[in-house]
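One structure is given below, encoded as C-alpha cells.
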Amino acid sequence: MKLKLFYSLKRKVLAVCLAGMILMALCVGGISLWTISHLTYDYEIQNMNHLVDTKATIINDELLRSESIVNYAANSVSRKISDPDQLRNPAFQQRLAQSVDHDFQDATTNLHIICSYYLYYPSENISALWKASRGHDSMFYDVLAQQRGESGQAAPRHVVAFAYLMDQGKAAWTQPYYSPYLNRYIISYLRPIYEDGVMVAIIGVDLDFQAFIDRLYAKPSEGEEHGMIILSDATGTVEYSPKKPLGVPLVDKDIHLKDTADKVAEAGQTDNEMLSYTWAGEPSLAGIRTLRNGMNFIDLRQVPKIYNRTHKAFMQMGFGLVAVCILASLLPLYMISRLSERLQLVIEAAKEVGEGNYDVKLHDMHPDDIGELSRNFQAMAEKVAAAQENLTYMSQHDALTGILNRMGLDKEVADWLKAHPASHGALVSLDLDGFKFINDLHGHMAGDEALRTLAKDLIESFGHDQIIGRNGGDEFVVFMKDTEPEQAEKVIKAFSNKVKTFTYDGEIHAFSVSIGYTLYKGDGTSLSRLFHQSDTALYAVKLRGRNHYRIYDATMENLNRTSLGFNLETITKNLPLGLLVSEAKPHGKILFVNKTMVEMLECRNIHEFMEFTQGYAPNVVCTCDRERMTKMVWEQSAREPDRPHCMSYSIHTAKGFDKRVFAIWRMADNPNYGEVFYATLMEASFLRELTSDDGECKA
C-alpha cells in the first residue's frame with residue numbers, strides 16, 4: 001500500500017507544473033530540502049538514542065552480571081547463617097569464606113572486569129575473604145594472606161566504601177574511588193547481609209573502573225564524529241574520562257547543562273526526552289541513558305552540526321537549480337516515489353518489530369540518510385533478535401549441564417501435552433544418590449562433573465527426542481513422549497541397571513540414581529499432578545534403600561516421608577563416635593569420615609583432615625602402632641571376615657599429640673567401592689570415664 005504523502009506530493013507537483021516549469025522546480029526544490037532537513041534531524045536524534053541505548057545495554061549487562069554474582073553469593077551466605085553468634089566461631093567463618101570463594105571463582109571466569117571480591121564482617125572489623133587479580137585476565141590472589149605476610153595482620157577493607165554502605169543500609173554501587181590496596185581506580189557493588197535486624201556481613205565486588213572507561217573511550221562509535229560521548233555522574237554535570245577517572249566538571253570543557261536535575265533523571269529513563277546543553281557557546285542536544293550504578297551515558301552534539309549535511313544539500317541544490325528546472329515536471333515525481341517506497345519499507349519493518357517479529361530484511365544499500373537509517377534499523381533488529389533468542393535460551397536451560405531447567409521442562413512438557421492430549425507418555429524423576437557425599441568427599445567441582453555426566457547418560461539412554469531437564473540440585477526429570485508402559489519400564493530398567501561412573505581429577509568414581517516414574521495415559525492429567533506422582537514414587541525408592549526404580553501407585557501417598565530425614569549426613573554428624581570408612585586395602589584410601597573423627601584428630605575441617613592424612617587410612621594411626629595394627633587387621637579379617645572385630649591403638653593428631661583409642665571395625669562389600677572397612681573409634685580415656693572398676697557403666 002502506497003503512502004498518502006505520495007499522492008499529496010504528486011498532486012502538488014502536477015498543480016505546480018500547470019503554473020510553469022520554473023515555478024514548479026523552485027517549489028519542488030524547497031519541499032525537497034524541507035523534507036531532507038526534517039529527515040536528517042529525526043534520524044540524528046534517533047541515531048543518538050540508538051547509540052546510547054546500544055552502549056548502555058552492554059554496560060548494564062556487565063553491571064547486572066556483577067550484581068547477580070554478589071546477590072547469589074549473599075543469598076548463599078544468608079542461608080548458612082541462622083544465628084549471628086555463629087560468626088564468632090573461626091571455623092564457621094572459614095567455611096563461610098571458602099563457600100563464598102567457590103561461588104565467586106565459578107562466576108568470575110567470564111567477567112574479567114571484576115578485579116576483586118570479598119566477604120567482610122563489620123562487627124569484627126575484619127575481612128574474612130579478599131581476593132584480587134593482579135592484572136587483566138589473571139588469576140585472583142589472596143590479598144589478606146599477602147598483607148599478613150607483609151605486616152603481620154590484615155588491614156580492614158575499603159573503609160570509605162563500607163561506611164557508605166552502612167549509611168545506605170542496602171545493596172548499592174559506590175562512586176569511583178582510588179584503592180591503594182589494589183592500586184586501581186574502582187567502583188564497588190556492596191550488599192549487606194542482615195540477621196535478626198543486625199548487619200552481620202558484607203559481600204561485594206570491585207570493578208576496574210579505569211579499564212571500564214578506557215574501553216568506552218577506546219574508539220569512536222558511529223555518529224561520534226558529530227559530537228562527544230560522555231560518561232557522567234547522576235547530575236549530568238561531571239565527566240569520568242580515562243585521564244580523570246574520579247571526574248571533572250563539564251563546565252571546565254565549556255559545556256553547560258540548561259535543564260534541571262529532575263529533567264536529567266527523567267530523560268535517562270526514556271527515549272522521548274533529550275537534554276539541552278551549550279557547548280562552546282553553541283546550542284546542543286544530548287541523548288542520555290541512566291546505567292544501573294546511577295551514572296549516565298551521554299551522546300552530546302551541537303545543533304548546527306546536526307544540520308551540517310542539510311546545509312550541504314542546500315548548496316548543491318542551488319547549483320543544480322538550472323538542471324532541475326529542465327527536469328522539474330518529471331524528476332520530482334520519480335524521486336518522491338522512490339523515497340516513499342523506501343520509507344514505506346522501513347515503516348513496515350518497524351511495525352513488524354513492534355509486533356515481536358524481528359526477522360525483517362531491509363536491503364537498502366543507498367549511501368543516503370534513508371539507506372543509513374535502513375541499515376541501522378536492520379542491524380538493531382538483528383541485535384535485538386539475537387539478544388531475545390539468547391535470553392530465551394538462557395531462561396529455559398541449565399547453565400551447568402546444558403539441558404532444560406525447570407522452566408524449560410514445564411514449557412516443553414506442557415506444550416507437548418497440549419499438542420498431544422490423547423497420546424501416552426511417562427514422567428520420570430531421578431535423584432543422584434549420595435550427591436552431598438560426593439561434594440563433601442571430592443569437592444563441588446567433582447559434584448558438578450557427576451551432574452554433567454548424569455545429564456549425558458540420560459540423553460544417551462533415553463534419546464535426544466525425549467524431554468530431558470534438571471529440576472534443580474541433583475534432581476533430573478525425563479518426559480518420555482509417545483511411550484507405552486512396557487517400553488517405558490524397559491528403558492528405565494536398563495538405565496537403572498547401567499553402571500554409572502564419572503571421571504574427576506584422573507580418577508573414575510561410581511555413582512547410582514534413584515528413579516520414580518508415572519504414566520500419562522492420555523486422560524488429561526495435569527502436569528503438576530504428574531510431577532507429584534513421579535516425585536512420590538521417587539521417595540518410595542529412597543525409603544527402600546535407593547539405587548532402584550519404582551512406578552507410582554496410589555498406596556504410596558501414605559508413605560511416611562519423615563524417615564528420610566535421618567540420612568547419612570544427619571546420623572554421622574551427630575554420632576558420638578568417630579566414623580572412618582576406607583578401602584579394604586593395606587594402603588586403602590579414605591572414603592568417608594564424620595565430624596567426630598575430624599575433631600578426634602584435632603583438624604578444623606574435612607579438607608585439613610584429608611591433607612593431614614594424605615587421604616590414606618593407615619596414616620591415621622601413630623607410626624609406633626601402624627605395623628602392629630595393620631598386621632592385626634588382616635589377621636582378624638582373614639580368620640573371621642564376616643564378623644566385627646576390635647582393637648586398641650594410638651593415633652597422632654594434627655597438633656602433635658598422641659591419643660589412645662578403642663576401635664570396632666568390620667569389612668563389607670560396597671556396590672560402588674568393592675570391599676570396604678567400616679570402623680568406629682572412641683578415645684580410651686573417655687571409655688575409662690564411662691565405666692567403673694568392675695566394668696559397670698557409671699551412667
Side-chain angles (χ1 to χ4, degrees), residues 91 434 437 440-442 566-699:
F437 176 82
D440 290 345
L441 184 60
H442 304 293
F566 292 98
N567 53 28
L568 179 62
E569 177 193 6
T570 303
I571 294 173
T572 60
K573 180 179 179 181
N574 297 288
L575 192 67
L577 303 175
L579 175 62
L580 173 67
V581 183
S582 66
E583 295 176 334
K585 299 177 181 178
H587 297 284
K589 289 184 178 180
I590 296 174
L591 302 176
F592 182 78
V593 294
N594 68 344
K595 179 180 178 183
T596 305
M597 189 67 212
V598 173
E599 294 172 347
M600 190 176 293
L601 260 68
E602 298 182 318
C603 296
R604 290 175 294 180
N605 50 52
I606 182 66
H607 302 290
E608 184 175 315
F609 181 93
M610 297 299 286
E611 182 178 352
F612 175 67
T613 61
Q614 299 180 353
Y616 291 95
N619 293 341
V620 174
V621 185
C622 180
T623 54
C624 62
D625 273 355
R626 193 172 299 169
E627 182 178 353
R628 178 185 65 82
M629 187 276 292
T630 303
K631 180 179 179 181
M632 185 179 298
V633 165
W634 290 105
E635 287 179 353
Q636 290 178 349
S637 60
R639 185 169 59 250
E640 296 178 287
D642 297 328
R643 67 178 295 273
H645 303 279
C646 63
M647 65 180 66
S648 179
Y649 54 85
S650 296
I651 61 174
H652 189 68
T653 71
K655 294 184 178 180
F657 298 104
D658 291 339
K659 294 182 179 180
R660 198 69 180 173
V661 298
F662 181 76
I664 300 177
W665 65 274
R666 74 179 305 164
M667 185 169 64
D669 287 329
N670 182 277
N672 294 327
Y673 298 98
E675 289 188 333
V676 173
F677 283 138
Y678 295 89
T680 58
L681 287 77
M682 175 184 291
E683 293 187 35
S685 60
F686 182 64
L687 184 62
R688 287 193 297 270
E689 292 176 5
L690 289 178
T691 59
S692 59
D693 294 337
D694 57 0
E696 293 290 331
C697 179
K698 294 181 180 180

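Keep in mind it's a predicted model, so treat the numbers as computed, not measured.
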Sorted by chain and number, sequence neighbours left out, ring pair (Phe, Tyr, Trp, His ring centres under 6.0 Å) with Phe677 holds for Trp634, Trp665
Do the side chains of Met597 and Phe592 get nearer than 4.5 Å, heavy atoms only? no
Could you pull out the closest heavy-atom pair between Val676 and Ser582, with the gap in Å? CG1-O, 3.1 Å
Look only at the side chain of Arg666 and the backbone of Tyr678, and say whether a donor-acceptor pair between them is shorter than 3.5 Å. no
Straight-line distance of Arg628 CZ to Ser650 OG, nearest 0.5 Å: 8.0 Å
Taking salt bridge (Lys or Arg N to Asp or Glu O under 4.0 Å) as the cut-off, I'd like each qualifying pair that reaches into residues 646-663, sequence neighbours left out, listed once. Asp625-Arg660, Lys659-Glu683
Mind checking whether Thr630 and Glu627 have side chains closer than 4.5 Å, heavy atoms only? no
Could you list the residues that satisfy side-chain hydrogen bond (donor to acceptor under 3.5 Å, both in side chains) with Glu635, not counting sequence neighbours? none
With heavy-atom distances below 4.5 Å as the criterion, would you say the side chains of Leu579 and Val593 are in contact? no
Rounded to the nearest 0.5 Å, what separates atom OH in Tyr649 from atom SG in Cys622? 11.5 Å
His587 and Tyr616 have their tightest heavy-atom pair at O-CD2, 3.2 Å
Ile664 side, atom CD1; Thr680 side, atom OG1 - distance, nearest 0.5 Å: 5.0 Å
Give a yes or no on whether the backbone of Ala91 and the side-chain of Arg604 come within a donor-acceptor separation of less than 3.5 Å. no
What closest approach, in Å, do Ser648 and Val661 show between heavy atoms, and which atom pair accounts for it? OG-O, 3.1 Å
Excluding sequence neighbours, so at least two apart, what forms side-chain hydrogen bond (donor to acceptor under 3.5 Å, both in side chains) with Thr653? Glu602
Considering only heavy atoms from C-beta outward, does the side chain of Met647 approach that of Gln636 to under 4.5 Å? yes
Salt bridge (Lys or Arg N to Asp or Glu O under 4.0 Å) pairs touching residues 609-624, sequence neighbours excluded, are none
Can you check whether Phe612 reaches Val598 side chain to side chain, under 4.5 Å on heavy atoms? no
Contacts of Lys595 meeting side-chain hydrogen bond (donor to acceptor under 3.5 Å, both in side chains) (sequence neighbours excluded), chain-then-number -> none
Measuring from atom NZ of Lys589 to atom CD of Glu583, what distance do you get when rounded to the nearest 0.5 angstrom? 6.5 Å
Less than 4.5 Å apart, side chain to side chain, heavy atoms only: is that true for Asn619 and Arg626? yes
Counting N and O atoms only, with roles assigned by atom type, does the side chain of His645 sit under 3.5 Å from a partner on the main chain of Arg643, one being a donor and the other an acceptor? yes
Using a 4.5 Å cut-off on heavy atoms from C-beta on, say whether the side chain of Thr613 contacts that of Ile590. yes
Can you name the closest pair of heavy atoms from Thr596 and Pro576 and give their distance? CG2-O, 3.8 Å
Taking every non-hydrogen atom, the tightest pair across Ala617 and Leu580: CB-CD2, 4.5 Å
